[in-house]
Amino acid sequence: MATLTKDAIKNSFMKLLNAKPVNKITVKEIVEDCGINRNSFYYHYDDIPSLIEEILNEQADALVQTTDRDDADIYATILAAMEFSLQNKTAMMHLYHSCNKDMFERYLNRIAHRTVTEYFQEHYGSKNIPEDDLRAIILYYKSLLVGFVIEWVGNGMQYDLRVCMQRLCELFEGTTETVITRSERDARPNPRQRRLTAT
């Protein structure tokens with residue numbers, strides 16, 4: 001019963017957030033929309049920011065866990081992890097332009113880092129990549145995603161992110177493999193250097 005009530009609260013909030021900014025939404029509107037009383041809301045949440053944080057954390061967990069990484073390109077994988085934001089564009093824009101912007105950025109950083117990390121573990125875990133290189137590669141792709149989405153949201157989502165990401169897949173096809181191959185190559189000891197060290 002408690003789970004059903006919380007789900008109803010979240011669904012009502014997201015419906016309202018897709019219609020208007022956060023600062024225009026009240027607890028009264030949420031409870032009226034989902035048919036519960038104020039006490040029920042405050043039993044589960046301290047306030048609207050705590051509700052927002054739970055929604056974003058749950059979405060981050062769910063999206064990363066359900067992303068199919070078997071054959072996906074890194075950019076396609078990232079796009080799949082962003083499906084919640086793509087389906088709730090107006091809501092995400094309202095969050096970004098509110099005092100809860102830091103929550104949105106934490107959410108974005110969290111799914112970006114986990115998605116990229118798990119992608120590389122899945123696809124290149126058996127490769128001989130130095131730890132420092134792997135951290136730098138993950139940071140690069142994570143920062144690329146976060147910067148891309150923040151620019152997209154900050155400018156009012158005026159273009160189709162799916163189309164843009166698809167074009168990136170085409171333009172940068174093969175670059176990830178090149179980076180991994182170069183990292184592996186550079187990680188191998190130089191045979192001549194090894195002989196010199198031994199003498």
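Computed from a predicted structure; not experimentally measured.
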S.K.: For Asn109, give me all partners under side-chain hydrogen bond (donor to acceptor under 3.5 Å, both in side chains), at least two apart in sequence or on another chain.
M.R.: Lys142
S.K.: What are the two closest heavy atoms between Pro21 and Ile25, and how far apart are they?
M.R.: O-CG1, 3.5 Å
S.K.: Are side-chain heavy atoms of Ile111 and Tyr107 found at a separation under 4.5 Å?
M.R.: yes
S.K.: Compare all side-chain heavy atoms of Val153 with those of Phe148 and state whether any distance is below 4.5 angstrom.
M.R.: no
S.K.: Do Leu134 and Leu139 belong to the same hydrophobic cluster, where Ile, Leu, Val, Met, Phe, Trp and Tyr are linked whenever their side-chain heavy atoms lie under 4.5 Å apart, directly or via other members?
M.R.: no
S.K.: Donor-acceptor pair, distance only, cut-off 3.5 Å: does the side chain of Asp160 make one with the backbone of Arg162?
M.R.: yes
S.K.: Return the set of residues passing side-chain hydrogen bond (donor to acceptor under 3.5 Å, both in side chains) with Asn39 (not counting sequence neighbours), or none when no residue passes.
M.R.: none
S.K.: Under the side-chain hydrogen bond (donor to acceptor under 3.5 Å, both in side chains) test, which residues partner Asn57, sequence neighbours left out?
M.R.: Arg110
S.K.: Looking at Phe172, is its backbone amide N or carbonyl O close enough to the side chain of Thr175 to form a donor-acceptor pair, meaning the two atoms are under 3.5 Å apart?
M.R.: yes
S.K.: Quick one: CD1 on Ile48 to CD on Glu53, what's the gap to the nearest 0.5 Å?
M.R.: 14.0 Å
S.K.: List the residues meeting side chain to side chain contact (heavy atoms under 4.5 Å, CB included) with Val179, not counting sequence neighbours, and say none if there are none.
M.R.: Ile137
S.K.: Would you indicate whether the side-chain heavy atoms of Tyr119 and Val116 approach each other to under 4.5 Å?
M.R.: no
S.K.: So, using salt bridge (Lys or Arg N to Asp or Glu O under 4.0 Å) as the criterion, who are the partners of Asp132 when residues are at least two apart?
M.R.: Arg135
S.K.: Check side chain to side chain contact (heavy atoms under 4.5 Å, CB included) between Thr117 and all other residues, then give those that pass, not counting sequence neighbours.
M.R.: His113, Gln121, Ile138
S.K.: Between CG of Leu4 and CD1 of Ile9, what distance do you get to the nearest 0.5 Å?
M.R.: 11.0 Å
S.K.: Group every Ile, Leu, Val, Met, Phe, Trp and Tyr by side-chain heavy-atom contacts under 4.5 Å, then state whether Leu86 and Tyr159 land in the same group.
M.R.: yes
S.K.: Side chains of Asn100 and Pro49: does their closest heavy-atom pair fall under 4.5 Å?
M.R.: yes
S.K.: Taking side chain to side chain contact (heavy atoms under 4.5 Å, CB included) as the definition, give me every residue that meets it alongside Glu32, ordered by chain and number, with sequence neighbours left out.
M.R.: Lys28
S.K.: Please name the pair of heavy atoms, one in Leu56 and one in Met103, separated by the smallest distance, quoted to 0.1 Å.
M.R.: CD1-O, 3.7 Å
S.K.: Is it the case that one hydrophobic cluster holds both Val163 and Met92, taking links as side-chain heavy atoms less than 4.5 Å apart, direct or via other members?
M.R.: no
S.K.: Decide yes or no for Ser50 and Asp47: does some side-chain heavy atom of the first lie under 4.5 Å from some side-chain heavy atom of the second?
M.R.: yes
S.K.: If you apply the rule side chain to side chain contact (heavy atoms under 4.5 Å, CB included), what do you find for Thr5 with Phe41, and how did you get there?
M.R.: CA-CA 8 Å; Thr5 301; Phe41 177 92; over 6 Å; no
S.K.: At what distance, to the nearest 0.5 angstrom, does OG of Ser98 lie from CG of Asn23?
M.R.: 7.5 Å
S.K.: Indicate yes or no for a side-chain donor-acceptor contact from His94 to the backbone of Lys20 under 3.5 Å, with no hydrogens or angles considered.
M.R.: yes
S.K.: Could you measure the distance from the CD1 atom of Ile180 to the NE2 atom of His123? Nearest 0.5 Å is fine.
M.R.: 11.0 Å
S.K.: Going by heavy atoms in the side chains, are Lys6 and Tyr45 under 4.5 Å from each other?
M.R.: yes
S.K.: Please report the shortest heavy-atom distance between Pro130 and Ala187, naming the atom on each side.
M.R.: CG-CB, 3.6 Å
S.K.: To the nearest 0.5 angstrom, please state how far the CE atom of Met14 sits from the CD1 atom of Ile52.
M.R.: 9.5 Å
S.K.: If the test is side chain to side chain contact (heavy atoms under 4.5 Å, CB included), which one of Val27, Asp33, Thr26 qualifies with Glu29?
M.R.: Thr26
S.K.: Can Arg182 and Asp186 be said to form a salt bridge (charged side-chain N to carboxylate O under 4.0 Å, His left out), step by step?
M.R.: CA-CA 6 Å; Arg182 184 171 294 139; Asp186 293 349; 5.7 Å; no
S.K.: Taking only residues two or more places apart in sequence, or in another chain, which ones meet Asp133 in a side-chain hydrogen bond (donor to acceptor under 3.5 Å, both in side chains)?
M.R.: Ser183
S.K.: Taking the side chain as everything from C-beta on, heavy atoms only, tell me whether Glu173 gets closer than 4.5 Å to Glu170.
M.R.: no
S.K.: Cluster question for you: counting only ILVMFWY and a side-chain heavy-atom cut-off of under 4.5 Å, with indirect links fine, are Leu51 and Tyr43 together?
M.R.: no
S.K.: Can you find a pair of side-chain heavy atoms, one from Lys101 and one from Glu105, that are under 4.5 Å apart?
M.R.: yes
S.K.: Verify, without hydrogens or angle tests, whether Asn88 (side chain) and Ala91 (backbone) share a donor-acceptor contact under 3.5 angstrom.
M.R.: no
S.K.: Apply salt bridge (Lys or Arg N to Asp or Glu O under 4.0 Å) to Glu177 and list each qualifying residue two or more places apart in sequence or on a separate chain.
M.R.: none
S.K.: One thing to verify: whether Glu54 and Lys10 come together as a salt bridge, which I'm taking to mean a side-chain N less than 4.0 angstrom from a carboxylate O.
M.R.: yes
S.K.: Is it true that atom NZ of Lys24 has more than 12 heavy atoms of other residues, nucleotides or ligands lying nearer than 6.0 Å?
M.R.: no
S.K.: Suppose we screen for salt bridge (Lys or Arg N to Asp or Glu O under 4.0 Å). Which residues come up paired with Glu151, at least two apart in sequence or across chains?
M.R.: none
S.K.: Measure the SG-CG distance between Cys164 and Leu171 for me, rounded to the nearest 0.5 Å.
M.R.: 9.0 Å
S.K.: What pairs with Phe120 under ring pair (Phe, Tyr, Trp, His ring centres under 6.0 Å), at least two apart in sequence or on another chain?
M.R.: Tyr124, Tyr141
S.K.: Check salt bridge (Lys or Arg N to Asp or Glu O under 4.0 Å) between Glu184 and all other residues, then give those that pass, not counting sequence neighbours.
M.R.: none
